[in-house]
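Before any comments, here is the structure.
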Amino acid sequence: MRENAVTDELAVVAPELFVRDVDASIRFYVDALGFRVARTDPPGDAPHSFAVLTLGAAVFMLADEKLAGPEMRGRPEERRGRGIHVRVMVPDVDAMHQRVRTQGVRIVMPLGDRSYGLRDFIIEDPDGFGVRFAAPLG
C-alpha cells in the first residue's frame with residue numbers, strides 16, 4: 001500500500017478533508033470514484049484515522065475529524081464540505097461521469113461544456129465536499 005507514498009505525500013497541492021468516518025470515505029473514493037489507496041494510518045486493517053488517496057496526479061488526504069483542531073470542528077448537523085469544491089482533471093470526463101452515475105453518486109452540477117474551457121461536473125461526497133471532475137474542451 002505504500003508503493004508511491006513518498007511521491008504522493010509531496011504533491012504540490014493535496015487537500016486534507018476532515019471526515020466523520022475515514023474507512024467509509026476510503027470505500028466511497030475507491031469504489032465509486034476509482035481512487036487508489038497510497039497509505040493508511042495505522043497501516044493494515046481498519047479502523048483508520050488517516051489516508052492518502054490518489055487518482056492520476058490528484059492526491060487527497062482523509063483525516064478523522066477528531067484530529068482537527070477545535071477551530072475546525074463543527075456541530076454534527078453542519079455540512080463539513082460546504083463551500084468547497086476540489087477540481088480533479090481526468091483524461092475522460094465522460095467516462096468518469098458514467099462511472100459515478102452507475103455507482104449512484106449524487107451529482108450536484110450536471111455534466112456540461114463550460115465557457116471557461118472545461119467539460120465538467122460536480123459530485124458530493126458523503127461529508128458534503130464537492131469534487132469537480134473536468135477535462136479541457138476540444
Side-chain angles (χ1 to χ4, degrees):
M1 237 193 260
R2 282 191 75 102
E3 67 185 55
N4 294 326
V6 172
T7 303
D8 297 340
E9 303 253 359
L10 298 177
V12 174
V13 175
E16 183 173 18
L17 308 178
F18 288 94
V19 298
R20 288 177 290 239
D21 183 333
V22 172
D23 292 308
S25 291
I26 289 171
R27 286 189 300 275
F28 174 80
Y29 279 89
V30 170
D31 296 344
L33 304 180
F35 278 71
R36 181 184 68 76
V37 177
R39 178 169 77 88
T40 60
D41 285 338
D45 295 334
H48 297 103
S49 60
F50 182 80
V52 177
L53 306 178
T54 63
L55 180 68
V59 177
F60 280 32
M61 298 183 295
L62 304 173
D64 188 299
E65 67 184 0
K66 293 176 196 80
L67 299 175
E71 72 284 356
M72 293 184 66
R73 291 189 199 123
R75 295 187 311 264
E77 66 273 11
E78 293 175 344
R79 287 186 51 208
R80 285 157 182 75
R82 186 172 176 209
I84 297 172
H85 292 163
V86 180
R87 187 181 74 188
V88 178
M89 298 298 289
V90 294
D92 187 343
V93 73
D94 291 283
M96 179 57 83
H97 185 261
Q98 181 60 37
R99 177 187 183 114
V100 302
R101 287 185 56 225
T102 301
Q103 295 292 322
V105 174
R106 182 167 183 253
I107 298 171
V108 296
M109 186 179 86
L111 179 65
D113 296 346
R114 311 293 178 211
S115 61
Y116 43 83
L118 296 176
R119 181 167 176 78
D120 62 8
F121 67 99
I122 299 173
I123 62 100
E124 185 176 83
D125 87 350
D127 287 285
F129 292 103
V131 181
R132 177 189 304 265
F133 291 100
L137 286 173

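Numbers for residues simply follow the sequence, beginning at 1.
- Listed here is the closest heavy atom pair of V86 and P15: CG1-CG, 3.8 Å.
- Applying the salt bridge (Lys or Arg N to Asp or Glu O under 4.0 Å) rule to pairs touching residues 107-119 yields D94-R119, D113-R119, R114-D120, sequence neighbours excluded.
- A search for side-chain hydrogen bond (donor to acceptor under 3.5 Å, both in side chains) contacts involving D64 returns nothing, not counting sequence neighbours.
- Atom CZ of residue R132 and atom CZ of residue R87 lie 8.0 Å apart, to the nearest 0.5 angstrom.
- The stretch residues 101-120 participates, sequence neighbours left out, in no ring-ring contact (aromatic ring centres under 6.0 Å, His included) pair at all.
- Every residue meeting the side chain to side chain contact (heavy atoms under 4.5 Å, CB included) condition with A24, not counting sequence neighbours, appears here in chain and number order: D21, R27.
- Within 6.0 Å of atom CG in D45, 12 or fewer heavy atoms from other residues, nucleotides or ligands are found, so the atom counts as exposed in its surroundings.
- Every residue two or more places apart in sequence or in another chain that forms a side chain to side chain contact (heavy atoms under 4.5 Å, CB included) with A46 is listed here: D23, H48.
- Taking F35 as the reference, Y29, F60 meet the ring-ring contact (aromatic ring centres under 6.0 Å, His included) condition, with sequence neighbours excluded.
- Applying the side chain to side chain contact (heavy atoms under 4.5 Å, CB included) criterion to A32, with sequence neighbours excluded, gives F28, Q103, V105.
- The distance from atom CD of E124 to atom CD1 of I107, rounded to the nearest 0.5 Å, is 12.0 Å.
- Taken to the nearest 0.5 Å, the CZ atom of F121 stands 5.5 Å off from the NE2 atom of H97.
- For S115, there are no side-chain hydrogen bond (donor to acceptor under 3.5 Å, both in side chains) partners, not counting sequence neighbours.
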